[in-house]
A.B. asks: 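Below is the structure I would like to discuss, written out as structure tokens.
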Amino acid sequence: METLGASDPRIDRPGSVAEALAVQERLRPLVDLAGSGPAEPATVAGLDVAYAESGDRLAAAVTVLDARTLAVVDSAVSVGRPAFGYVPGLFAFRELPALLDALDRLTVLPELLVCDGHGLAHPRRFGLACHLGVVTGLPAIGVGKTPLLGEWTPPAQRRGAWTPLCDGDETVGRVLRTRDGVKPVFVSVGHRMSLDDATARVLALTPRYRLPETTRTADRLCRDALAAAEATARAT
DNA sequence: GCGACAG
DNA sequence: ATCTTGTCGC
């Protein structure tokens with residue numbers, strides 16, 4: 001259950017901030033902004049990671065939901081170590097190896113990835129959702145709980161209301177109210193998905209709570225997996 | 001120069 | 001992210 005070492009041909013494992021920035025610059029042009037993904041995917045995956053307080057271990061989880069019923073139809077976890085320090089803007093390098101390993105363990109290939117973090121709403125327009133999308137080739141969207149950058153005004157209190165998230169002249173995402181009167185989330189395009197479709201998808205995934213069912217199920221799974229790994233480590 | 005800064 | 005108590009509400 002351990003994350004494989006530093007040998008995943010799909011990704012780079014930068015050893016410095018400068019190297020990580022170079023990787024983002026190189027991959028950024030590969031993001032598909034045409035929205036070539038299915039407007040109504042049959043399956044949607046949620047991805048999330050939990051960290052041990054010691055900071056030396058993490059658990060990544062992916063849950064695949066039936067897009068219509070929101071029932072979990074598959075899931076997988078991967079326990080490993082953070083692959084990079086936490087640096088705002090380089091966040092993806094920290095979780096990518098473990099998330100890809102978890103994706104590899106799935107039986108059902110999801111048609112859309114819903115990431116816990118941003119996509120284009122990123123200083124170099126290449127947040128975790130873009131990175132995961134490009135590396136896997138799957139449509140992806142980013143849903144952040146707090147903004148990384150951008151100017152915005154609060155959307156109306158009603159579920160479904162939204163305002164643009166802007167970085168200078170560019171609209172990099174949307175501030176979306178997923179529940180009446182509850183703090184909004186920050187939606188941005190990751191890969192092969194339009195902002196309109198991404199918004200519709202997030203609303204379809206939030207019939208009851210602020211956060212998408214995808215991230216909620218993945219969050220519970222990675223927390224449980226981490227707790228189990230910690231318990232095993234303690235007993236060994 | 002001084003903050004802000006996804007998880 | 002994680003650490004943390006109680007508290008308000010359905």
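Note on naming: letters A, B, ... go to the chains in the order of the sequence lines (proteins, then strands), and numbering restarts at 1 for each one. The structure displayed is predicted, hence computed values, not measured ones. Computation of the quantities below employed the complete heavy-atom set of this structure, encompassing side-chain atoms and omitting hydrogens, waters and symmetry-equivalent molecules.
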A.B. asks: Does a side-chain N or O from A:Y86 land closer than 4.0 Å to OP1 or OP2 of B:dA6, or not?
C.D. replies: yes
A.B. asks: For A:S194 and A:D196, does a side-chain donor sit closer than 3.5 Å to a side-chain acceptor?
C.D. replies: no
A.B. asks: Determine whether the side chains of A:R192 and A:S36 contain a donor N or O and an acceptor N or O closer than 3.5 Å.
C.D. replies: yes
A.B. asks: What about A:H131 and A:F93, are their ring centers closer than 6.0 Å?
C.D. replies: yes
A.B. asks: When you look at A:T206 and A:R159, which way does the side chain to side chain donor-acceptor pair (under 3.5 Å) test go after all the steps?
C.D. replies: CA-CA 10 Å; A:T206 51; A:R159 161 177 156 85; 3.0 Å; yes
A.B. asks: Taking only side-chain N and O atoms of A:R223, does any of them lie within less than 4.0 angstrom of OP1 or OP2 on C:dT2?
C.D. replies: yes
A.B. asks: What stems, by residue range, does DNA chain B take part in, given at least 3 consecutive Watson-Crick or G-U pairs under 3.5 Å?
C.D. replies: none
A.B. asks: Check whether any side-chain N or O of A:T146 sits under 4.0 Å from OP1 or OP2 of B:dG7, and answer yes or no.
C.D. replies: yes
A.B. asks: So what does A:L149 hit on the nucleic acid, given a heavy-atom distance under 4.0 Å: a base, only sugar-phosphate, or nothing?
C.D. replies: nothing
A.B. asks: So A:P123, base contact, sugar-phosphate only, or nothing? Heavy-atom distance under 4.0 Å.
C.D. replies: nothing
A.B. asks: How about A:Y51 and A:E95: does a side-chain donor come under 3.5 Å of a side-chain acceptor?
C.D. replies: yes
A.B. asks: Does a side-chain N or O of A:K145 approach OP1 or OP2 of B:dA6 to a distance below 4.0 Å, or not?
C.D. replies: no
A.B. asks: Using a cut-off of 4.0 Å on non-hydrogen atoms, how would the nucleic acid contact of A:A50 be classed: base, sugar-phosphate, or nothing?
C.D. replies: sugar-phosphate
A.B. asks: Any base atoms under 4.0 Å from A:L226, or only sugar-phosphate, or nothing? Heavy atoms, all strands.
C.D. replies: nothing
A.B. asks: Which part of the nucleic acid does A:F91 contact within heavy-atom distance under 4.0 Å: base, sugar-phosphate only, or nothing?
C.D. replies: base
A.B. asks: Could you check whether A:G89 gets within reach of a base, just the sugar-phosphate, or nothing at all, counting any heavy atom under 4.0 Å?
C.D. replies: base
A.B. asks: Would you say the side-chain atoms of A:T63 and A:T217 include a donor-acceptor pair closer than 3.5 Å?
C.D. replies: yes
A.B. asks: Rounded to whole angstrom units, what separation is found between the CZ atom of A:R220 and the C1' atom of C:dA1?
C.D. replies: 19 Å
